[in-house]
Amino acid sequence: MDGVERASCIRFFVNGVEVIVNDPDPEMTLLTYLRRYLKLKATVDTKSGCCKDEAVVTFGLTGTKLGCGEGGCGACTVMVSKYDGSKDTIKHYTVNACLAPLCSMDGLSVITVEGIGNSKNLHPCQERIAKAHGSQCGFCTPGFVMSMYTLLRNNPSPTQEEMEHAFEGNLCRCTGYRPILDGYRTFCSDCKCKGDGKEGGKSKEADHKLFDATKFKPYDPSQEIIFPPGLKAENRPPLSLEIKFNDVSWYRPVSLKELLELRDKFPHYRDSDKPKYRLVMGNTEIEIERRLKGFKYDVLICPSHVPELLELTLEEEGLVVGASVTLTDLKDYITNLLTTQPPHTTGVLQALLNMLKWFAGPQLRNVSSFGGNIANASPISDLNPVLLASGATLNFASIKGERILKMNEEDFFTGYRTTTMKENEILKSVKIPLTKKGEHVMSFKQSRRREDDIAIVNSCFFVSLDDDLKVRDCRLAYGGMSFKTIMATKTQKELIGRKWDGELLQCALESLADELVLPPEVPGGMPDYRLSLALSFFYKFYLFVLQQYDPQSITPTKASATQPFSKPVSRGSQGFKKLPNSGNNKIGQPEMHLSAIIQATGEAVYTDDLPHYDNELYAGLVLSKEPHAEFTIDTSQIKDIDDVYFVCAQDVPGHNDDTGVFGDEEVFREKTVTSIGQIIGIVLAKNKEEAQKYVKKVDVNYTPLEAVLTIEDAIEKEQYYDISKHELSTGDVKKAMSEAEYTIEGSMRTGGQEHFYLETNVCIAIPKRENGEIEIIATTQCTSETQHWAAKALGVPANRIVAKVKRIGGGFGGKETRFSPLTTTIAVAANKVGRPVRIMLDRDEDMKYSGNRHPYKGEYRIGFTKEGKLTALEMELYSNAGYSFDLSLPVLERAVTHATNAYTVPNAFINGQLCKTNLPSNTAFRGFGGPQGMMMMEDAMDRIAYTLKMDPVIVREINLVKEGDETVYGYTLTDCHMRKAWKKLLEESQYYQRMEAIKEFNSQNEWVKRGMAIVPTKYGIAFGLKLLNQGGALVLVYKDGSVLLSHGGMEMGQGLHTKMIQVCSRVLDIPIDMIHLIDCSTDKVPNNSPTAASASSDLYGMAVKDACEQIKERLQPYKEKKPEAGWKNWVISAYVDRVNLSAQGFYATDLEGMNWETGKGQPYNYYCYGVGCTEVEIDTLTGDFKVLRSDLLMDVGDSLNPAIDIGQVEGAFTQGLGLFTMEEVVYLKNGKLFTTGPGAYKIPSCNDIPIELNVTLMDSTPNPRAIFNSKAVGEPPLFLAGSVFFAIKDAIRSARISRGHHPVFDLWAPATAERIRLACKDQFTEMAEEKMKNKYPGEEERSKRWNVVP
C-alpha cells in the first residue's frame, strides 16, 4: 500500500452545484447529508450546468424524504449520474438516498426533486403527477417524480411497461397508484393520451376526464440540467480514498493490488469479538445491519473503482461477471445477450434473468453488487440457487494469488451466512456457464408480494438429458428450505439414470418431500407451505422440460403450470357527473389537490422539514423489550456525559398515569411493562445518531411475567376488558333459529394491519420560557388530544399548550390517539431541559410502538330458508385490543353495528368482547371495525350460498337492505341506494357473461384458476360518541380581500383543505386563489374532534359555510349598494366602516346517538352504499394471484370534488386489498413484532393493483344531511376490496371442486399466498402434510409454530 496517493475528501455535485466535503462520516447516508447538513449557496443555469453569480442560501434539501431507512419505500429516491470515460457515456440511475453512503458519492452528480423544477417553473414530471391527481399526502411524491425523471433521462419516450417497471421500488399508501400511472402514462410512446401540449390529441371525452393531457407542458429532453462539465472534463483515473471519522474508516481502492492489500490488512473476521471489516458497494445490507441490529463496522472498503471487479465478458465457456458489477448492469447485459446467442446456450442466463426481474426494486438493483449477493450468503438469496444449480465457478483472490471453486462440487455455504471464503480473500469474479443441448435450467421464486420482496422459497433446477431422455446430471438447489442455500443431493442421486417420465416425477417428489421436510417451529414459519412450494416448483420444472421434447404429452389443462407470471400494463376508467363551470363555484369540479404542486416539487413542508433550532436536542426512545415484565433502569453509563439527558416518569411534573383515551396508560412506564414497544424513557442528545447511540447504553433489567398474546389465549383465560353491555338484538332469535329450514355455524378471522403511513410519527416541542407555555408541532390527527394530554402531564392548563399541524404524510387512524402519548413524553422532555426537542421515529420504532388494526375473530350461527333468505343470526365478536383500551371500545361498537353489512336480518343477536393482551395497543384504522364486522357476515353469506349450491350473487341480492328496512339497532333506513347500486354494478361489470367465461377458463386449466365475486357495503357516517360530532372554523378576511381559513381538521392527503377552500370559495363567491390555509392549530380552533370517522368534510364544511355566511351577510349591504364594485372594494368599504371581517363558524351534527343499554338508537347521520366486483387469477401451485379486473361503484352523494373522491375510493380499495390479501402482521411467540419494516411487511405495490380498474361515482343520490348534498368517502370504499378476497376464495373453490373436495371451507383473512396454496389441496399439499406427520407424529408437536396469530 506504500506510495498510493489518497484523498481524504469527497467531491461531487448536487443539482449542478459543486460540493466538497472534507473528512466525511463513513456512516452518514446521502439522505442525512442532503436534509441536515448540505447548504447550497448558488443556483444553477440548467442549460450551461454552471453556477450563477447571485447567491441563494438553502438550508437542506428536504424534498427527499425518509420513509423507511431500508430502501423499501422509495420516498428517498434521487438520481445519480456518472461519466464513463472509456465509452464517453453518461449513466443515470436511481438510488435510495437512505442507504447510499455519502462517501460513495465522490465523482458523481446527484439530482434531487428540487433540482429539476419548482412551483414557479414546473418540470413535466412534477406537473403531470400533480395535475393527474397522483399526489395525496404527498410524502411519496418526490420519490415517484425522481423515478420517472430518471427513466426519461435514459429514455425520453418509454413504453408503459417500462414506466410501470420504473416504479417497482416506490410505494404509495394513499392513491392506489392509478392516478400516478395515468399521469405518467402521458410520457409513453404507446399511449394514446400523450401529453405533448397539442390540441390535436384531445379526446372527444376530454371534457369528462379528471385531467386534460393536452394541456400538459411538452417534455423537451434538451432542456434538462446537463452533467457537470467539471466531472466530465476530468477524465483521469480517480484517486484512492482514505477517510477517517471518529473510529470508522472508509477506503476506496482503485486497483486490484490495493484492494487485496487492504483486505489482507483488514480481513473479514468471523469472530464476534474481533473488529468488523467489510467490503461495501450499495450498502443495502450493511446499513440495515448497522441501524437495526446495532452492528459496528470499523473499516469499510468500497471496491467500486477496481476495474477487474467490473468485468462483464462473454467467453466460450460462459459469462464472466466481476464481483462489483451491479445487478442492473448484469440484467441489461443478459437481456441483450439473449437476443444474440443461440437459445440452447442461454438456459442459465435466462434463469438468472428471471430472478433479477423480481430482485428488489430498481433503486437497489442499481447499486447492489453481484458478488455482494453471493458473499452475503443469505439463505433466501435469489441468485445463489441459480449459481449453485448451474455449477458456476467462483474466482477468489488474495495477496497470495487466486483460487477457483466450482460451487456445486464443494460446499461453498458452510452455515448461516457463512462460506468457505477465507478471511483475507475477496470474490473477484464468477463464471456462469452456458448450457448445451440437452441441458435445461429453470428458476422459481415465491414471496409475499410479487415485486420488491424477499423470497419465502426460491429454487433453480438443472438437468442434462441424453437422447433417450435419461438423466445424465441433475442439480436441484433451494433457498428458504434451510439455514443456507442447499442442494437436494439425495434426490439428485435418485434421479441419475432415470428416464424423464411420470415415474421419475413421483420418485423425485417422494424423495424431495423426505429430504426437505421442515420442523414445525422452523424460523420463518410456514413449514408445510414451504415444503409444498418445493414440490410444486419441481413439478413445474418437470413439465417445462417435458414440453421441450414432447409438447403433446402435456394436456392443455396441465400446461398452465408452465406459464410464467406475467401482467399487462394497467388500465381503467373513472365515471362521475361533471358539472358545468359556474364562476367561482368549484363544488363538483375535479379540482387538483391544492398542495399537489408543492408536494411534487419538494417545497411542501412536513414536520421534520422544519429548520432545526440552534439549541435543539433530539430524543431517542428507550422502548420495552418484553411483553409483560417488571423492570428496573440503570443509566449510570450516560450519567456524566455532557449535553446528554435521561427523561423518565420521575420527570413528569403533573400526572404520569391517567393518560390515554380511557386514562389507563402511563406517559412513561414506571414499574411494569405490559407490551413490547412501550416508552420507558427518553435519551436527549445533540442529534439523532448520538441519541440512539446512548439509548443502547441504558440498561433495563426485566423480571418476566406471564404474557397473553392471542385472542384464543385471552378467551381461555377469560382475560377481557370490563366493558358495559355491548350487544344488539332484534326479533326472537331463539324461536327463529329453531324454526329455520337450514342452520349453519362458522368462524372467521381477520388479521391486524399496519398503517404504514409513509411519514412516521414526528414531533417538535418548543418551550416558550414563560408561564409554562409550550408549542407542539406534530403529525397528529387530533391537536386537541395532543394539547390536553400534554397539559395534564405537565400540570398546566390547556391554554399554555399550543398544538399545531401543517400537513401529515398519511394517517389512516394511526395518528389519532396512539401518537399523543409520544408527543406528551417529548413535551415533558422539552419542559425538563428548557430546550426544543425533536423526534422522528424510525420505521421499526413506529411499527413496534403504534399498534395496528384490531385482529378479530367471529363465531356465528345463522338460519335461512331454502331460497337463501336470512331468518336468524347469532354472532360473537372477539377483538384483540392490546394492552390498553385506547379506541378498542368504539371500534368494537362499529364492528357490532356493521356486522350485518348491507343485509336485513329480522332476528339477530350480536355481541362483542375486548380481549386484553400483551401486544401494542391496537387502534383506529380506516374502516374502524366496520370491515371486520362486515367480513364475518360476508363469510356467512358465502357459506350459505355453497351450502345451498346457489350463486352467491342471488343469496346476497335477495337479502340486501332497502328503503324503510330497520337495522338491528332499530333505525329505519331512508335514502337507501343499496339495491340501485347493486343492480347498476351487476350490469356495468357484465357479471353473468364474465362468469360463464371464467367457468370455461377453469375447465381448460388445471393449475391456474379464476374466480369472481361481487360484494356490497353499507357504512354509517358519524363518530360513535355523539359529543365528537362537532366542528369549528375560523375565517379571516384581510383588507386586500385575501382570506385566511382555519378549521379543526388535519390535512393528511384526503384533500380536506382543498374541499374546505372550495366550500369557502362558493359561499363567498371569490376565486380559490384568494383563499389560503396555513395550518390547524389549537389557538385558532379549540376543542377539535379527531380528523377521523370520514366525517371531517361534513363537520368542517358546515362550519366553514357558517363562518362564510356570517361574513357574506355583513358584506351584503355593500354589495347591494355597489354591486359592480367587486369583492375587494366591498371588503375595504366594510373595513372603513369598522365591520368585523372575521367569523367563527360551528356545526354540530343532528343525530340521536346510540343507547348501548337498550341496544337501540341512531348512531350514524347517514349511510354510504357501494358495490365492488372483482375477478382474479390464482396459481394453485404457489398461491400467487393477480387481480384481473375490479369494478367499483360508490355512493358519495353530490361529490364535492370528483377527483379527490375517486382518489379516495381507489386508495381505500387498495388498502383493503392489502388488508385482505398480503398484509400480514407477524408476531413471534415471545411477543416481538417480526414485521417491523417494508422488508418483512408488504403493502400493495403498483404491480398489485387490478389490471383493469373501473371506478364510478353514483349519480342522482343527493344527501340532504351533509354539506352541499355530499357524502363521506374516506372509509366506506375500503370494504369493496372484500370482493378481492371472495374472488380468490371462488378461484380456490374451483380448484378444490375439481379435485373432489367440499366447496365449503374456511379461509382466514388475509388470504396470503400461503393460505391460498394450502387451501387448494392437491397431491403436493397432501404429500407435504403426510411427510410432516411421519416425521413429527405428535399432533401437539406439529401444532407448534414459530409465530402466533394474534
Side-chain angles (χ1 to χ4, degrees), residues 344 347-348 350-351 354 384-392 406-413 433-446 457-482 484-518 530-551 553-554 558-559 561-562 1007 1181-1182 1322-1328 1330-1331 1334-1335:
H344 73 272
V348 177
Q350 184 64 65
N354 289 343
N384 284 333
V386 180
L387 301 177
L388 201 58
S390 66
K406 196 167 185 180
M407 288 187 73
N408 66 297
E409 292 179 355
E410 296 183 38
D411 195 355
F412 174 64
F413 301 107
L434 300 178
T435 47
K436 304 178 180 63
K437 288 185 178 179
E439 294 181 346
H440 306 278
V441 188
M442 199 171 190
S443 59
F444 302 91
K445 174 182 177 179
Q446 183 59 43
V457 175
N458 52 28
S459 63
C460 185
F461 305 134
F462 168 93
V463 67
S464 175
L465 302 179
D466 62 20
D467 293 340
D468 296 324
L469 298 190
K470 290 186 177 179
V471 177
R472 288 186 297 219
D473 194 8
C474 178
R475 295 189 285 273
L476 313 176
Y478 284 97
M481 297 303 295
S482 179
K484 61 179 183 176
T485 304
I486 61 170
M487 287 208 292
T489 54
K490 293 179 181 177
T491 303
Q492 290 169 187
K493 292 177 182 176
E494 284 285 337
L495 301 187
I496 300 296
R498 289 180 178 268
K499 187 174 183 180
W500 199 260
D501 57 16
E503 288 185 12
L504 175 141
L505 173 63
Q506 195 58 36
C507 171
L509 293 174
E510 287 284 349
S511 180
L512 285 170
D514 284 328
E515 191 171 356
L516 300 177
V517 65
L518 295 167
R530 286 155 70 180
L531 182 54
S532 297
L533 283 175
L535 302 179
S536 297
F537 286 165
F538 184 83
Y539 175 70
K540 284 173 172 274
F541 178 63
Y542 166 78
L543 293 180
F544 164 76
V545 174
L546 200 60
Q547 213 171 32
Q548 311 306 307
Y549 292 93
D550 186 8
S553 64
I554 301 176
K558 294 187 183 297
T562 64
W1007 300 111
L1181 289 169
T1182 63
D1322 53 32
Q1323 61 264 43
F1324 308 112
T1325 60
E1326 290 168 355
M1327 183 179 289
E1330 179 188 351
K1331 297 299 182 182
N1334 290 343
K1335 190 161 186 179

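- Checked against ring-ring contact (aromatic ring centres under 6.0 Å, His included), Phe537 has the following partners two or more places apart in sequence or in another chain: Phe444.
- Residues that satisfy the side chain to side chain donor-acceptor pair (under 3.5 Å) test with Ser536, not counting sequence neighbours, are Arg1317.
- Residues forming a side-chain contact (heavy atoms from CB on, under 4.5 Å) with Lys490 (at least two apart in sequence, or on another chain): Glu515.
- By the side-chain contact (heavy atoms from CB on, under 4.5 Å) test, Asp550 pairs with Gln552, Ser553, sequence neighbours left out.
- Considering CG of Asn458 and CG of Asn354, their distance stands at 12.5 Å, rounded to 0.5 Å.
- Asp411 is linked by a side chain to side chain donor-acceptor pair (under 3.5 Å) to Lys484, counting only residues two or more places apart in sequence or in another chain.
- Residues Trp500 and Gln548 fail the side-chain proximity criterion, which asks for heavy atoms closer than 4.5 Å.
- Once rounded to the nearest 0.5 Å, the distance linking CZ of Arg498 with CG of Leu465 reads 14.0 Å.
- Between the side chain of Asp468 and the main chain of Lys470, no donor-acceptor pair closer than 3.5 Å is present.
- Taking each heavy atom of His440 and Phe541 in turn, the nearest pair found is O-CZ, 3.8 Å.
- Between Met487 atom CE and Ser459 atom OG the span is 13.5 Å, to the nearest 0.5 Å.
- Ser464 pairs by the side chain to side chain donor-acceptor pair (under 3.5 Å) definition with Arg472, not counting sequence neighbours.
- Using a 4.5 Å heavy-atom cutoff, the side chains of Leu434 and Val348 are not in contact.
- With sequence neighbours excluded, the residues that form a side-chain contact (heavy atoms from CB on, under 4.5 Å) with Lys1335 are Val517.
- Looking at every heavy atom in both residues, Ser443 comes nearest to Val386 through CB-CG2, 4.1 Å.
- Between Leu1181 atom CG and Trp1007 atom CH2 the span is 5.0 Å, to the nearest 0.5 Å.
- Counting all heavy atoms, side chain and backbone alike, Phe1324 lies closest to Ser532 at O-OG, 4.1 Å.
- Side-chain contact between Leu546 and Ile554 is present, with heavy atoms from C-beta onward closer than 4.5 Å.
- The minimum heavy-atom distance linking Leu543 with Ala561 is given by the pair CD1-CB, 3.7 Å.
- In this structure, the separation between NZ on Lys540 and OG1 on Thr562 is 8.0 Å, given to the nearest 0.5 Å.
- Between Cys460 and Val441 the shortest side-chain heavy-atom distance falls below 4.5 Å.
- Shown here for Gln547 and Pro551, the closest heavy-atom pair between the two residues is O-CG, 3.3 Å.
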Only pairs under 3.5 Å count here: list side-chain donor-acceptor contacts from residues 503-513, not counting sequence neighbours, and write none if there are none.
| residue | atom | partner | partner atom | Å |
| --- | --- | --- | --- | --- |
| Glu510 | OE1 | Lys1331 | NZ | 3.0 |
| Ser511 | OG | Thr491 | OG1 | 2.7 |

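- Scanning for ring-ring contact (aromatic ring centres under 6.0 Å, His included) contacts around Phe544 gives an empty result, with sequence neighbours left out.
- Considering only heavy atoms from C-beta on, Ile486 comes within 4.5 Å of Leu516 through its side chain.
- Legend: residues meeting side chain to side chain donor-acceptor pair (under 3.5 Å) with Asn408, ordered by chain and number and at least two apart, are absent.
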Would you be so kind as to tabulate the donor-acceptor pairs closer than 3.5 Å made by side chains of residues 473-480, with sequence neighbours excluded?
| residue | atom | partner | partner atom | Å |
| --- | --- | --- | --- | --- |
| Asp473 | OD2 | Arg475 | NH1 | 2.7 |
| Arg475 | NE | Ala389 | O | 2.5 |
| Arg475 | NH2 | Ala389 | O | 3.3 |
| Arg475 | NH2 | Ser390 | O | 3.4 |
| Tyr478 | OH | Ala534 | O | 2.9 |

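- Residues meeting the salt bridge (charged side-chain N to carboxylate O under 4.0 Å, His left out) test with Lys558, sequence neighbours left out: Glu1006.
- We find the OG1-CD distance between Thr1325 and Glu1330 to be 11.5 Å, quoted to the nearest 0.5 Å.
- With hydrogens and angles disregarded, a donor-acceptor distance shorter than 3.5 Å links the side chain of Thr435 to the backbone of Gly347.
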